[in-house]
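Side chains are part of it too, since the values below use all heavy atoms of this structure and drop only hydrogens, waters and symmetry mates.
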Amino acid sequence: MGHDHSRHNHGHGHGGHSHAHGHSHAPADTGDWRYLVGLTVNLVFVAVEFGAGWIAQSTALMADAGHNLSDVLGLALAGGAAWLARRAAGSQRTYGFRKATVLAALANAILLLFACGAIAWEAAHRFSDPASVDSVTVMVVAGIGFVINLGTALLFMKDQHKDLNVRGAYLHMMADAGVSLGVVVAGAAIMFTGFSLIDPIVSLVIVAVILIGTWGLLRDSVDLALDAAPAGIRVDDLRAALLALPGVTAVHDLHVWGLSTTDAAMTAHLVHDRPDAAALLTQAQSLARDQFGVGHTTFQLETGALPDCPAC
């Protein structure tokens, strides 16, 4: 054929990835007791808080339960998906279950949008038909939520600078603690002023907070599900860098996609006039891996027009 077809960069192995990505491969390693404690305590509290919100007729309390649920779901889905992603590839599923992390992120985002819609709908009804809110229940339950979220955040505090995912968990729980504190303040305001509309107003603010956080997750997960290039990889820059390699005269059929929420793969055809094809291949692989973080690379090296490549 005269071209080096599909020489695959397998140099990364499995170990190479775990070193390159640190802990980001497993957003919630379920072997870590902190995640398990955080998940269990928060999941129980979400159920209690939502029930209390229903009884106390407080949409703010229900919205806070939704906000807490968003992070519990995020941790649980990420943990489950990371566990799936570590399972071996089968004969037909050649990429294994890595894409499960993408599907989990997508499911998480869609579920949260539904939760936000339900809470906003209920809050809108309250404006036309205000309900008397049991402010004491709101304050006590949201206060407990503040303590639980702060306690969970403190579990993750010491490692937050070492591990990006631990930092994510820490920041999420701190944000939850802040929202719970806001609900306590809202409950106090209702108690002192008797103005029940404070409750649906606060719940709409919380819904807005969840939507802002969820929108980026939804956009990124839809992109990855559509095999778009991951957000951190500029395809035009990658094309220009490959074209700038010595002896490369053209780059075409360049595709970059996410294998999971942490791994990316790419394929490209490089037209060149170099006698040392093997050296060019090594340079191209190093460039993709070191400058753009793409560990799975497949390059087709071409020295001229090829009968099996219509685009050449």
Side-chain angles (χ1 to χ4, degrees), residues 28 32-76 78-79 108 111-112 115-116 118-120 122-123 126 131-161 165-214:
D32 188 334
W33 64 272
R34 291 173 302 184
Y35 283 108
L36 211 56
V37 168
L39 278 175
T40 309
V41 172
N42 280 281
L43 204 53
V44 169
F45 178 69
V46 162
V48 170
E49 186 174 32
F50 189 82
W54 188 266
I55 293 162
Q57 297 204 15
S58 167
T59 51
L61 213 47
M62 288 190 266
D64 190 37
H67 192 241
N68 284 319
L69 182 64
S70 72
D71 293 336
V72 173
L73 274 177
L75 279 174
N108 191 5
L111 207 59
L112 289 176
C116 285
I119 294 163
E122 182 62 29
R126 293 293 169 91
S132 62
V133 178
D134 180 356
S135 54
V136 175
T137 305
V138 172
M139 290 169 68
V140 170
V141 176
I144 294 167
F146 171 72
V147 171
I148 287 174
N149 286 317
L150 194 63
T152 312
L154 293 177
L155 284 180
F156 292 104
M157 194 167 87
K158 73 178 174 66
D159 286 339
Q160 61 150 324
H161 298 298
N165 299 300
V166 170
R167 181 166 174 73
Y170 169 75
L171 291 175
H172 265 141
M173 292 302 169
M174 284 302 274
D176 281 358
V179 171
S180 294
L181 195 59
V183 177
V184 173
V185 172
I190 293 168
M191 183 191 274
F192 289 115
T193 64
F195 186 54
S196 286
L197 283 183
I198 289 172
D199 185 78
I201 290 167
V202 167
S203 68
L204 288 177
V205 169
I206 296 170
V207 162
V209 169
I210 302 173
L211 283 176
I212 291 165
T214 306

Gln57 versus Arg126: any side-chain heavy-atom pair under 4.5 Å? yes

Kindly write out the residues that satisfy side-chain contact (heavy atoms from CB on, under 4.5 Å) with Thr193, not counting sequence neighbours, or none if the list is empty. Phe195, Ile198

My understanding is that only residues two or more places apart in sequence, or in another chain, count here; which of them pass side-chain contact (heavy atoms from CB on, under 4.5 Å) with Val136? Asp134, Val140, Met191

Gap between atom CD1 of Ile144 and atom CE of Met139 - 0.5 Å precision: 12.0 Å

May I have the list of side-chain donor-acceptor pairs in residues 174-184 shorter than 3.5 Å, sequence neighbours left out?
from	atom 1	to	atom 2	distance (Å)
Asp176	OD1	His67	ND1	2.9
Ser180	OG	Asp64	OD2	3.0
Ser180	OG	Asn149	ND2	3.4
Ser180	OG	Asp176	O	3.2

For Ile55, the side-chain contact (heavy atoms from CB on, under 4.5 Å) test, sequence neighbours excluded, returns none

Heavy-atom distance under 4.5 Å between the side chains of Leu61 and Trp54, does that happen here? no

Once rounded to the nearest 0.5 Å, what's the spacing between atom CG of Leu69 and atom CG of Leu111? 7.0 Å

Taking C-beta and beyond as the side chain, do Asp199 and Ile190 meet within less than 4.5 Å on heavy atoms? yes

Per-pair distances, 0.1 Å, donor-acceptor, side chain in residues 202-212, under 3.5 Å, sequence neighbours excluded:
from	atom 1	to	atom 2	distance (Å)
Ser203	OG	Thr59	OG1	3.2
Ser203	OG	Pro200	O	2.7

Among Val41, Ile148, Asn68, which residue meets the side-chain contact (heavy atoms from CB on, under 4.5 Å) test with Val46? Asn68

